Amino acid sequence: MLIRMLFVVLGCFAATAALASENAPQQITVPGVQFSIVRTGGTKTLEGFVFSGGSFTKKVTVSYVGVLVRHGDDDFLFDTGLGSQIKQQYDADMPWWAKPFFKYDSPTTPISALLTADDLKRLRFIVLSHSHWDHASGLSDFPNQDIWVSNAE
C-alpha cells in the first residue's frame with residue numbers, strides 16, 4: 001500500500017511541481033492521500049542544467065521543495081528541500097567549479113519552519129528520493145526522524 005501511494009504521490013508531484021512558486025504549502029488532494037508541496041527556496045538557471053534536452057540559452061525558475069504526505073496516520077516527508085544549515089552545507093560541500101551551475105537564491109526557509117506544530121508531531125518518517133544537496137539539506141533539521149532511502153543512496 002505504501003509503495004502504491006508513493007507512485008501516486010510521485011506522479012502528482014511531477015505534474016504539479018511548477019505550482020510551488022511561493023513559500024506557502026500548496027495542497028493537492030488525491031483520493032486517500034493528501035500532500036502539500038512546500039517550497040524552501042529557488043533560483044533561476046539555464047534549462048540545460050535542469051533537464052535533458054533543455055536549452056542553454058533559456059532561463060527557468062527552479063523551486064527547491066519537500067512534499068508533506070498525509071495517508072491515514074502515516075504522515076511523512078518526501079524530500080526536505082533546503083534546510084536551516086544550507087549556507088554552511090553549500091559552502092563546505094559544493095566544489096568551487098560547480099557553484100556557478102548549482103546554486104540557490106537567498107533567503108530560504110527550511111521546511112521545518114514552514115510546517116505547523118501539528119504537522120511536525122504527526123511526522124513519522126522522511127522518504128529521500130536521492131541524496132543530492134537540494135533534496136536532502138533539510139535532513140539536519142530532523143535529527144530524530146527515521147529516514148527511508150534506497151540502498152544505492
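Owing to the predicted nature of the structure, the values given are computational and were not obtained by experimental measurement.
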Determine the sole option in K87, Q89, H132 for which the side chain to side chain donor-acceptor pair (under 3.5 Å) test with S137 is passed.
Q89
Taking [X] for the side chain and [Y] for the main chain, is one N or O donor matched with an acceptor at less than 3.5 Å?
X: T40; Y: L82; answer: yes
X: D134; Y: Y64; answer: no
X: E47; Y: S55; answer: yes
X: T80; Y: H135; answer: yes
X: D141; Y: S84; answer: yes

Show, in sequence, the C-alpha distance, side-chain angles and deciding distance for K44 and D105, and conclude whether the salt bridge (Lys or Arg N to Asp or Glu O under 4.0 Å) test is met.
CA-CA 8 Å; K44 287 190 184 257; D105 297 331; over 6 Å; no
So, do [X] and [Y] sit near enough that their side-chain heavy atoms are less than 4.5 Å apart?
X: T116; Y: K121; answer: no
X: V65; Y: V38; answer: no
X: I111; Y: L77; answer: yes

Can you find a side-chain donor-acceptor pair between S140 and Q85 that sits under 3.5 Å?
no
Ring centres of W133 and Y90 under 6.0 Å apart?
yes
Determine whether [X] and [Y] fall in the same hydrophobic cluster, where Ile, Leu, Val, Met, Phe, Trp and Tyr are linked whenever their side-chain heavy atoms lie under 4.5 Å apart.
X: I86; Y: F142; result: no
X: L123; Y: V149; result: yes
X: I147; Y: L68; result: yes
X: W97; Y: F49; result: no

What are the two closest heavy atoms between F78 and S129, and how far apart are they?
CZ-CB, 3.6 Å
